Amino acid sequence: MNRRKFIEKVAAAGAVGVIPKLLQSQLPTVTAEAGTQSLPIIISTWNHGLDANQAAVDVLQKGGGVTDAVEQGVRVPEADPKNMSVGLGGLPDREGKVTLDACIMGPDGNAGSVCFLEHIVHPISVARLVMDHTPHVMLSGEGALQFALENGFKKENLLTPAAEKAWKNWLNTSNYDPQPNWENQPNEFHDTIGLLAVDKNGDMAGACTTSGMGFKMRGRVGDSPIIGAGLYVDNEVGGATATGMGELVMKTLGSFLVVELMRQGKSPQAACEEAVMRIVRKLPEHKKYQIGYIALDKKGQSGAFSLKKGFNYALYQADENLLIDSQSYFDS
Ligand code: SD4
């Protein structure tokens, strides 16, 4: 697709994505979901999802498996030093150390995860190895690093000059006060990437990877590597993944909740809305933060919903890869 056509499509998709503030009783019913979509379909969080989706599609088109596709997809933002919220170049914790969280799930129900991992550009591939080659689901910190190094990963400095500068700047106030969408300024900050795929056979996998909240406390682990919080995939039903303030997602086990709501018959859209509403009802701190969910079911129906305006996601469907503005609970 040429650049102009692509931009027009983004603009058209964005135009339908903004809705006024929603009251709980007025949550929209999305109707464009009936029937089975043409597969494969890939959905991922934020604008870095466009390139990630493309890398995932390339794997599927070459005959690769759906788990390979999601892994290869999220490796793209992990390797991008300009992306300050995933992998290389991610914002550090308050001590200036970049610590990464990632997890992956495949169609067989298997899962792998790493958290508080330092010095490795591709935590998602370490999580994949944990899934495929250990009796465990999650490795953390030193143990995860040791496992990575034993398996041929290279130890690297992940703190780029730009991230170091941002950290030194932050030290002037040392005030941990994440703002909604603050990591989503074009060409500078993004956010966590979560990516879900359903291949032409209807098999599903998902991956999620992040450097977590910038300037977090040392040792803090977010939702992204927690199976059921930042990511959940059940090949009988569908998958979901989350971005935003991880503590709220963890307190409600958001991605598992979305998948269970789909299992009970809700559409991916309605399930994402209900998971956001769970946070609104239960956690008063929701007013300060952003949360975004995306979901995909086995038939290729997709949905997304966020607390605040400003969340977007990339959807690859029927040979088109579009950036779409999510509907949100608040109108700002
Ligand atoms: C976390 N959920 O560590 C991640 C951060 C994130 O957009 O998604 N930022 O809490």
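We count ligands from 1, going down the list as the structure has it; atoms in each ligand are counted the same way. Predicted, not measured: the structure shown is a model, and the values here were computed from it.
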(message) Suppose we screen for ring pair (Phe, Tyr, Trp, His ring centres under 6.0 Å). Which residues come up paired with Phe256, at least two apart in sequence or across chains?
(response) Tyr232

(message) Considering Glu247, Lys216, Arg220 one by one, which has a heavy atom nearer to atom 1 (C) of ligand 1 than any of the others?
(response) Arg220

Please report whether ligand 1 has a polar contact with [X], defined as an N or O pair separated by less than 3.5 Å (distance criterion only).
X	value
Gly244	yes
Thr210	no
Gly222	no
Asp191	yes
Thr192	yes
Trp46	no

Quick check on contacts: which atoms of ligand 1 are under 4.0 angstrom from a heavy atom of [X]?
X	value
Met213	1 (C), 3 (O), 5 (C), 10 (O)
Asp223	1 (C), 2 (N), 4 (C), 10 (O)
Ser224	2 (N), 4 (C)

(request) Could you point out which residue of Val66, Leu296, Asp297 forms a side chain to side chain contact (heavy atoms under 4.5 Å, CB included) with Met204? (result) Leu296

(message) Given Pro107, which partner from the list Asp234, Val198, Thr67, Asn201 fulfils the side chain to side chain contact (heavy atoms under 4.5 Å, CB included) test?
(response) Thr67

(request) Would you mind checking if Glu274 and Arg281 are paired as a salt bridge, meaning a charged N to carboxylate O distance below 4.0 Å? (result) yes

(message) Does anything in residues 128-167 form a ring pair (Phe, Tyr, Trp, His ring centres under 6.0 Å)? List the pairs, not counting sequence neighbours.
(response) none

(request) For this output row, return yes or no: ring centroids of Phe311 and Trp46 closer than 6.0 angstrom. (result) yes

